[in-house]
Amino acid sequence: QVQLVESGGGLVQAGNSLRLSCAASGRAFSGNAMGWFRQAPGKEREFVATVSANGGNRYYLNSVKDRFTISRDNAKNTANLQMNNLKPDDTAVYYCAASSPAVGTATPNEYPYWGQGTRVTVST
């Protein structure tokens with residue numbers, strides 16, 4: 001059974017940092033792009049970041065690209081999202097996802113595997 005399990009969410013004050021982790025099990029995702037999406041209350045799920053299968057290509061939502069860093073460790077079958085200088089607008093449930101292609105996009109439909117999400121709350 002394929003599973004993606006996120007961890008690392010929590011409540012932080014604006015300006016602080018969090019590191020989200022995603023542990024995959026059931027199959028290796030070394031040939032698939034990994035991505036992070038988020039969904040704020042009352043809003044649609046939005047793309048945050050993606051990293052290609054070999055880690056060589058990264059793509060970010062404009063509003064986070066100078067603050068967030070996505071990474072992966074294929075040997076451990078994990079992906080991470082380092083979030084610095086967090087803002088209240090970053091408050092959301094964050095989801096890890098694995099894509100079908102080796103290079104990820106911002107399109108949720110290209111990610112057939114999803115975790116259950118981890119909640120991030122940023123206070124003022």
Side-chain angles (χ1 to χ4, degrees):
Q1 182 182 358
V2 175
Q3 274 193 316
L4 299 177
V5 179
E6 303 95 336
S7 61
L11 171 64
V12 295
Q13 288 189 323
N16 286 349
S17 300
L18 279 175
R19 183 178 177 84
L20 305 183
S21 295
C22 173
S25 61
R27 58 159 285 185
F29 287 99
S30 56
N32 306 83
M34 300 293 292
W36 287 92
F37 291 76
R38 67 187 182 187
Q39 187 165 17
K43 296 186 178 180
E44 294 187 353
R45 189 171 297 189
E46 72 172 347
F47 166 79
V48 175
T50 186
V51 57
S52 61
N54 65 5
N57 293 288
R58 294 174 173 84
Y59 178 59
Y60 297 92
L61 176 70
N62 280 342
S63 63
V64 309
K65 65 181 180 180
D66 294 327
R67 301 183 293 120
F68 291 9
T69 302
I70 189 171
S71 61
R72 66 186 299 159
D73 185 334
N74 285 340
K76 296 181 179 179
N77 220 19
T78 59
N80 300 299
L81 185 68
Q82 177 67 40
M83 306 186 296
N84 297 329
N85 190 22
L86 283 160
K87 303 177 179 181
D89 284 349
D90 296 319
T91 294
V93 177
Y94 283 71
Y95 297 90
C96 172
S99 78
S100 292
V103 178
T105 72
T107 306
N109 287 346
E110 293 194 0
Y111 294 80
Y113 303 101
W114 291 84
Q116 294 300 306
T118 185
R119 186 174 301 276
V120 172
T121 304
V122 185
S123 64
T124 57

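These numbers come from a predicted model, not from an experiment.
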When rounded to the nearest 0.5 angstrom, what is the spacing between CD in E46 and CD in E44?
10.0 Å
Looking only at the side chains, is there a donor atom on one of S21 and N80 sitting less than 3.5 Å from an acceptor on the other?
yes
Just by modelled atom types, is the G9 backbone N or O under 3.5 Å from a matching donor or acceptor in the T118 side chain?
yes
Check whether NZ of the Lys or CZ of the Arg R27 lies under 6.0 Å from the centre of the six-membered ring of F29 and within 45 degrees of that ring's axis.
yes
Is a donor from one side chain sitting under 3.5 angstrom from an acceptor on the other, for N84 and S17?
yes
Aromatic ring pairing W114/F37, orientation class (parallel under 30°, perpendicular over 60°, tilted between):
tilted
Does the D90 side chain pair with the main chain of K87, one donor and one acceptor, at a distance under 3.5 Å?
yes
Spell out, yes or no, whether L61 and F68 are grouped together once hydrophobic residues are joined by side-chain heavy atoms under 4.5 Å, including indirect joins.
yes
Of all the heavy-atom pairs spanning L4 and A24, show the shortest one and how long it is.
CD2-CB, 3.4 Å
Locate the shortest heavy-atom distance separating G115 from Y95; write the atom from each residue and the value.
O-CD2, 3.6 Å
With side chain to side chain contact (heavy atoms under 4.5 Å, CB included) as the criterion, how do V48 and V64 come out once you've worked through the C-alpha distance, each side chain's angles and the decisive distance to 0.1 Å?
CA-CA 7 Å; V48 175; V64 309; 4.1 Å; yes
R38 side-chain N/O to V120 backbone N/O, donor-acceptor pair under 3.5 Å
no
Indicate the atoms forming the closest heavy-atom contact of S71 with R19, along with that distance.
OG-NH2, 4.2 Å
Given the rule in the side chain to side chain contact (heavy atoms under 4.5 Å, CB included) test, do Y59 and K65 qualify, once you have shown the distances and angles that lead to the verdict?
CA-CA 8 Å; Y59 178 59; K65 65 181 180 180; over 6 Å; no
Is it true that S123 and Q13 share a donor-acceptor pair across their side chains at a distance under 3.5 Å?
no
Value for OG1 (T121) from CG (L86), rounded to nearest 0.5 Å, stands at 10.5 Å
Between G31 and A53, which heavy-atom pair has the shortest distance, and what is it?
C-CB, 3.6 Å
On a heavy-atom basis, which atom in A14 and which in P88 lie closest, and how many Å separate them?
CB-CD, 4.0 Å
Apply side chain to side chain contact (heavy atoms under 4.5 Å, CB included) to T69 and L81, showing your working.
CA-CA 6 Å; T69 302; L81 185 68; over 6 Å; no
Between S99 (side chain) and A33 (backbone), is there a donor-acceptor pair under 3.5 Å?
yes
Please answer whether the main-chain N or O of N77 pairs with a side-chain N or O of N74 as donor and acceptor at a distance below 3.5 Å.
no
Evaluation steps, side chain to side chain donor-acceptor pair (under 3.5 Å), between E110 and T105
CA-CA 7 Å; E110 293 194 0; T105 72; 3.1 Å; yes
Could you tell me whether the side chains of N109 and T107 share a donor-acceptor contact shorter than 3.5 Å?
no
Where is the tightest heavy-atom contact between G117 and E6, given as atom of each residue plus distance?
N-OE1, 2.9 Å
Using a 6.0 Å cut-off, check whether atom CD of Q116 has over 12 heavy atoms from anything other than its own residue.
no
Could you go step by step and tell me if C22 and M34 meet the side chain to side chain contact (heavy atoms under 4.5 Å, CB included) rule?
CA-CA 10 Å; C22 173; M34 300 293 292; 4.2 Å; yes
Has R119 got more than 12 heavy atoms of other residues, nucleotides or ligands less than 6.0 Å from its CZ?
no
Is V103 reachable from F47 through a run of hydrophobic residues whose side-chain heavy atoms are each under 4.5 Å from the next?
no
Check for a donor-acceptor pair, side chain of R67 on one end and backbone N or O of N85 on the other, with a separation under 3.5 Å.
yes
Test side-chain hydrogen bond (donor to acceptor under 3.5 Å, both in side chains), reference T50, set Y60, Y111, W36, output is Y111
